[in-house]
Amino acid sequence: MGLSGQLEKLKDPAEICYYCGDVPVCRYWNHKDSEITKIDENTSEVLIMFDTFEGLTELENAMNEFINLIKETSNVTEIKIEILNEKKSNCEII
């Protein structure tokens, strides 16, 4: 179930809502209860984004800690890391 019924409830014009095509999938963050965005034993591909207002070192430390946790607790076979900034503003998602 998507967020279709919740879109009318958006109060803040600056609120972030992510879409997959025309289907709203989450407001601000993915939620484990969403049938569209949850990760389960059948999940084969995941895109996880980190952002920061702090320095790059803190971001890289958080990413590395998360990646190590994923490697220790799952059957992940491939991890791709891209860091976007003012010099590199896009990447290809395959």
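Side chains are part of it too, since the values below use all heavy atoms of this structure and drop only hydrogens, waters and symmetry mates.
- Residue-environment remark: CD (E82) exceeds the threshold of 12 foreign heavy atoms within 6.0 Å.
- The side-chain heavy atoms of I81 and M63, taken from C-beta on, include a pair separated by under 4.5 Å.
- Distance CG/D51 to CG/L84: 11.0 Å, rounded to 0.5 Å.
- Contact of the F50 side chain with the I48 side chain is registered, since non-hydrogen atoms from C-beta on lie closer than 4.5 Å.
- Of the possible donor and acceptor atoms, one in the side chain of E58 sits under 3.5 Å from a partner among the backbone N and O of G55.
- Closest of all the heavy-atom pairs between E92 and K80 is O-NZ, 2.7 Å.
- The two residues I79 and K71 make their nearest non-hydrogen contact at CD1-CE, 3.8 Å.
- Minimum heavy-atom separation, L69 to T73: O-OG1, 2.7 Å.
- Taking a 6.0 Å sphere around CG of N75, one finds it holds 12 or fewer heavy atoms contributed by other residues, nucleotides or ligands.
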